[in-house]
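Since the structure comes first, as C-alpha cells, the remarks are kept for the end.
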Amino acid sequence: MISHYNKERIKRFYNYDPSKENSIFSKAKELLNKNISEAISASPYRSRCLNPRSKGDIGNIIQECCFGLPANSSELPDFPEAKIELKIIPLERTSQGLTVKERTKICSINYHKLIKEIWPSSHAKRKLNKILFIYYEYNALSKLDSKIKFCDMWALNKIKEQPIIRSDWEVVKKKVEQGLAHELSETLSRILAATRSGSGGVDQNGIARDLTTQPNSRIPALRRAFSIKQSYTNQRWLELFKKDIFESIIDTLPGASASNFEDKVLKKLWSFKGQKLGDFANKLKISIPSGKNAAAAIIKKAIGFKNVNSRIKEFDQIGTEVRVLPIRTKDHKPWEAVSFSQFKFKEVIKEAWEDSELLQFVDSILFIPIYRKAAKTPLSQRVIGKAFLWKPTKNELETIQEEWSMYLDEIKSGKAKPRKIKSGSKTKEVTSLSKESNTKIIHIRPHAKNRKDRDEDQFGNRPVKHSFWLNKAFVHELLRKNV
DNA sequence: GAGTGATCATGG
DNA sequence: CCATGATCACTC
C-alpha cells in the first residue's frame, strides 16, 4: 500500500476526491488569489512552518497543506489514482510583467535505466502524462505573502508539441546510448531538456561534485534531470493568462507541424531572399516599421500572421529570439555587434551559468540578414538576405561560458570601475573590463540611455549600464557559414 | 575601417 | 518611463 497517500483521510480532511480530476481541479481553483498564509490557514496542517531556506518549500507547503499529500520521493504521480502530477510554478515580476522564474524539474535521469526505456512507457512520459500547474507570484521578501495566481490542467496528449517533447527525449537517450552522457546539454533540446541537478559546483580539486556513471563509457557524467524549459512554461502561462497575444505558426503556415515548423519558417523566409524591403512590403500591403519591430514584422507577415503585434507562439515556447542582422552589401560584414539584454552588475555576479540570463538568450536565435549599401540607405531599398537559425554548438557554448565567467571575475575584482580619459578634444569614460578584441564570441559594452543612465557595482562604483554583446566578427562568421 | 564608447528611437 | 533593438560617432 502507498504509505503517504490516504484517500479517505484526504476526502475527510481536505474536502476533495484525489482520485477524480475534476475534484482536484476545483480544489486548485479554491486557492486562486490567496497568498500562502491564507492557503495554509484553511488547512488541517496549519501549524506547518515554512522553511525559509528551502528553495522548494512553497511547493511542498501547497502540496501538503492544501492537497494533503506529504512530500515523498515516490516514482508514482502525486495523485496516483488520477495519474496527475502537481507542479507549483513561481512567477516573478520583470520588465516584461509577470514571467515564469525557472525551469520545471520533471524527474531525475538514471542513465543506465534510460537506455533500456522506450518513450511510450518511459519514466519521463509517465510523469508528463498530466500535470496540474499552479502558478504563484513569488515574493522574495515575504514568502508567505506569495500569491497564487492561476491553475492549469495540462495533458501531454492534448497539446501539439508532443512530437517535440518526444524527439527531445529521443535525442537525450541517443546521446546516452552512444556513451556521451558527459556531452549532454540543455541546448540539445527545445522543450524537455536534460538539466543539471544536484548540488552543483566543483570540489577542491576542481572536479564537479555531481558526477555519476554512465553506460557504454567510463567517462563520468554530470547528474541530470529532465526538466521543462522555462520558455515553454512561460509561453503557456502567458497564453492562458493574458489571452490573444499569440499567433501560432502551426496554425498559420500551410504544412507546418510541431516537428518541422522551424524548417518551414526558414524555407518560407528563403523564398523572399533578394527582395527589397519596399517591394516586399508593397506586395503584402504592409508598412515595415523602422523600429525594433522590423524583423518580427517581416517574419510574421511572411508567415501569414494577421497581427504584426502578436507574439509567435512556437518561438516563445522554445525560446527562439528573432533578430535583424544589418549587413554591408560590399563585403557582407555585419554593421554592428548584436546586443543582448542588459544586466545589473550586482545581480549578474550572483548568477550560476546554468541559470544565467545569457545562457537563456543564446539558446537559439533566428537571424534575418538585411543588406544595405550605406548606413543611410532607406529601409525600402534594403534587401532581404538568407535567414538562418543559430543554436550554439558545444564548443561555442564552452567559449561563451568561459568568457562569461571571465567577465564575472573581472566585475567581482572591481574592473567595472569607470574612469575618465581624454580622447582627442573630448573626455570619455572607460572601465577596465576586457574589450571585444580580447574575446571570441561575447563581450561586455555600455548600453545606456545616456551618460547619466548608470548602474552600480558591489563596491559602489557607478559605471553606465552595460550589456553583453555578440562579437561582430563572430556574427560575421555565422553569416559566412550560412550563405 | 577597426575598435569601442555613447546614444537614438520606439513601444510596451 | 525604461528596457531594448539598432546605430552613431569619434579616435587611432
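- Using a 4.0 Å cut-off between charged side-chain N and carboxylate O, A:Lys175 and A:Glu183 make a salt bridge.
- Of all nucleotides in DNA chain B having an atom under 4.0 Å from a heavy atom of chain A, the first and last in 5' to 3' order are B:dG1 to B:dG12.
- Across all strands, A:Lys330 comes closer than 4.0 Å only to sugar-phosphate atoms, never to a base (heavy-atom distances).
- Listed by chain and residue number, A:Glu321, A:Arg323, A:Phe340, A:Ile365 satisfy the side-chain contact (heavy atoms from CB on, under 4.5 Å) test with A:Phe361 (two or more places apart in sequence, or in another chain).
- Nearest-nucleotide positions on DNA chain B for A:Val430 and A:Arg328 put A:Arg328 closer to the 5' end.
- Looking at residues two or more places apart in sequence or on another chain, you find no ring-ring contact (aromatic ring centres under 6.0 Å, His included) involving A:Tyr407.
- For the pair A:Arg166 and A:Glu170, the salt-bridge criterion is met [side-chain N within less than 4.0 Å of a carboxylate O].
- By the ring-ring contact (aromatic ring centres under 6.0 Å, His included) test, A:Trp335 is found to be paired with no residue, residues two or more places apart in sequence or in another chain being considered.
- Ion pairing between a basic and an acidic side chain is recognised when a charged N comes within 4.0 Å of a carboxylate O; A:Glu239 and A:Lys313 show such pairing.
- With sequence neighbours left out, the side-chain hydrogen bond (donor to acceptor under 3.5 Å, both in side chains) criterion links A:Asp251 to A:Lys160.
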Checklist outcome for this item: Its contact letters, B for base, S for sugar-phosphate only and - for none at protein heavy atoms under 4.0 Å, make nucleotides 4-12 of chain C read BBBBB--S-
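- Using a 4.0 Å heavy-atom distance criterion, A:Lys472 is classed as making no nucleic acid contact.
- In terms of position along DNA chain B, the nucleotide closest to A:Asp331 lies nearer the 5' end than the nucleotide closest to the other residue of the pair A:His466 and A:Asp331.
- At a threshold of 4.0 angstrom between heavy atoms, the contacts of A:Lys333 are confined to the sugar-phosphate backbone, with no base atom among them.
- The backbone N or O of A:Phe261 sits nowhere less than 3.5 Å from a side-chain atom of A:Glu314 that would complete a donor-acceptor pair.
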